[in-house]
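Proteins get letters first, then strands, A, B, ... in listed order; numbering begins at 1 in each.
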Amino acid sequence: MPELPEVETVRRGLAPVLEGARIEAVEVRRPDLRVPFPPRFAARLEGRKIVKLRRRAKFLIAELDDGNALVAHLGMSGSFRIARAAPVGADAFHHPRSRLEAHDHVVFRLSNGAVVTFNDPRRFGLMDLLPMAELAESRHFRRLGVEPDAKSLDGPALASLMGRRKVALKVALCDQHLIAGLGNIYASEALWRARISPRRAATALVGRGGPDRAARLAKGIHEVLAEAIKAGGSSLRDHAQVDGELGEFQHHFAVYDREGEKCLRADGGTIRRIVQGGRSTFFCPVCQR
DNA sequence: GCTGTAACCTGTCGGC
DNA sequence: TGCCGACAGGTTACAG
């Protein structure tokens, strides 16, 4: 599912419920996600208070009051949903079985009465528990690139980051070691906004015409992310907000999943789909050069 | 170190 | 209706 806007939408939905709450019980219903759960995962969480919920790239980080952090990644199909607990005694977990759904892998019961459930059909997501002081050097974060919505990511910074890479620009935009947070949808959308072909090499951001392209692309990245976050992310197959509401940004795609349709620009052509790095790229071959 | 590819797992959709 | 293959928003391991 999620790229940065979807994860940020999830964070904004979860934060008011999680921050300040104590974790009373954790039920791991299926432990074999892409990355195995750490030892004693549930026991180490129970009794802990969540101080703050923040985001780094596509990761959610719940800071705990014991100096550890619960790290979660939604993979391709992960989601959280919030429900209120049933009255005490309704069942052992205050969470009626009838309300559990297929692929509900972890259930958190909080001191404020909320029940937060992690669901992930494809099980590409992960959950980990790490000391806060070691987060930056952990395997999840040590090689991550810059945040794409950072104001400091302007044209020159983008060119400096990517200009030495020989891979296609679209592939480089999705490389989390360079820019952490963009994915397949928003890389295509940002390139359309910048009128740059996804087939150009990343080196096109340096040299002749490079600074201008880099400035347009940085602007395109910032704009598309800001608009997508405002719209609650994009809901295609899996993504929903924590209250079940769907995001709206999929209605604003200029190129993604629009193969064969007319470009939104008057001087555009017909949207094409190509495969780059094993994944679909959508672009207008006429207005993106 | 860089690049491309396959694999992880499950659900959905289109074609036959 | 049922089967099969392709494909899906991410990440990592591995080969060249």
Original post:
Is A:R258 positioned over the aromatic face of A:W192, cation under 6.0 angstrom from the ring centre and no more than 45 degrees off axis?
Top reply: no

**OP:** Decide yes or no on side-chain hydrogen bond (donor to acceptor under 3.5 Å, both in side chains) for A:S79 and A:N119, but give the supporting numbers first.
**Re:** CA-CA 5 Å; A:S79 63; A:N119 182 288; 4.5 Å; no

**OP:** Take atom CG of A:L173 and atom P of B:dT3, then tell me their distance rounded to the nearest Å.
**Re:** 14 Å

Subject >> Atom-to-atom span, CD1 of A:I179 to P of C:dG10 - whole angstrom >> reply: 14 Å

**OP:** Evaluate the ring planes of A:F108 and A:F80, with Trp represented by its six-membered ring, and classify them as parallel (under 30°), tilted (30 to 60°) or perpendicular (over 60°).
**Re:** tilted

**OP:** Could you tell me the separation between the CG atom of A:N184 and the P atom of C:dC7, rounded to a whole number of Å?
**Re:** 13 Å

Original post:
In a check of side chain to side chain contact (heavy atoms under 4.5 Å, CB included) between A:P198 and each of A:T281, A:V255, A:L173, which one passes?
Top reply: A:T281

**OP:** Round to a whole Å and report the spacing from CZ of A:R55 to P of C:dG10.
**Re:** 14 Å

Subject >> Candidate pair A:R272 and A:E259, rule salt bridge (charged side-chain N to carboxylate O under 4.0 Å, His left out), full reasoning >> reply: CA-CA 5 Å; A:R272 280 191 58 198; A:E259 182 183 17; over 6 Å; no

**OP:** Quick one: the dot-bracket string of DNA chain C, using Watson-Crick and G-U wobble pairs with both distances under 3.5 Å, [ ] for crossing pairs and | for bases paired to another strand.
**Re:** .|||||||.|||||||

Original post:
Taking protein heavy atoms under 4.0 Å as touching, what does nucleotides 8-14 of chain B look like 5' to 3' if B marks base contact, S marks sugar-phosphate-only contact and - marks none?
Top reply: BBBS---

Original post:
How close or far is atom P of C:dG10 from atom CG of A:L182, stated in whole angstroms?
Top reply: 10 Å

**OP:** Would you mind reading off the distance between A:R258 atom CZ and C:dA8 atom P, rounded to a whole angstrom?
**Re:** 17 Å

Original post:
Considering only heavy atoms, which members of residues 159-170 of chain A lie under 4.0 Å from some atom of DNA chain C?
Top reply: none

Original post:
Can A:R193 and A:E227 be said to form a salt bridge (charged side-chain N to carboxylate O under 4.0 Å, His left out), step by step?
Top reply: CA-CA 12 Å; A:R193 287 174 183 240; A:E227 290 174 26; 2.9 Å; yes

Original post:
A:C287 and A:G268: which non-hydrogen atoms are nearest, and at how many Å?
Top reply: CB-CA, 4.2 Å

Subject >> Pairwise salt bridge (Lys or Arg N to Asp or Glu O under 4.0 Å) hits with a residue in residues 163-188 of chain A, at least two apart >> reply: A:R165-A:D175

Original post:
When the distance from NE2 of A:H177 to C1' of B:dG4 is rounded to whole Å, what number comes out?
Top reply: 15 Å

**OP:** Sticking with atom C1', work out how far C:dT11 lies from B:dT12, rounded to a whole angstrom.
**Re:** 22 Å

Subject >> Which residues share a side-chain contact (heavy atoms from CB on, under 4.5 Å) with A:D212, sequence neighbours left out >> reply: A:R216

**OP:** Scan A:Y186 against the nucleic acid and name what it touches under 4.0 Å (heavy atoms): base, sugar-phosphate only, or nothing.
**Re:** nothing

Output one line per pair: protein atom, nucleotide atom from nucleotides 3-5 of chain C, and distance, for all N/O pairs under 3.5 Å.
none

Subject >> Integer angstrom distance from the P of B:dA6 to that of C:dA6 >> reply: 13 Å

Subject >> A:H140 side, atom NE2; A:L126 side, atom CG - distance, nearest 0.5 Å >> reply: 5.5 Å

Original post:
Reckon A:H73 has a side-chain N or O less than 4.0 Å from the OP1 or OP2 of C:dT11?
Top reply: yes

Original post:
Looking across every strand, which nucleic acid part, if any, lies under 4.0 Å from A:G278 by heavy atom: base, sugar-phosphate, or nothing?
Top reply: nothing

Subject >> A:K262, NZ atom: more than 12 neighbouring heavy atoms under 6.0 Å >> reply: yes

Original post:
Quick one: A:R273 CZ to C:dA6 P, roughly how many Å, whole number?
Top reply: 12 Å

**OP:** Please work out whether the ring planes of A:H73 and A:F59 are parallel, tilted or perpendicular, with thresholds of 30° and 60°.
**Re:** perpendicular

Original post:
Does a side-chain N-to-carboxylate-O contact under 4.0 Å join A:R109 and A:E27?
Top reply: no

Original post:
Testing A:I61, A:V7, A:L135, A:V71 for side chain to side chain contact (heavy atoms under 4.5 Å, CB included) with A:R56, which one passes?
Top reply: A:I61

Original post:
OP1 or OP2 of C:dG10 sitting under 4.0 Å from any side-chain N/O of A:Q176?
Top reply: no

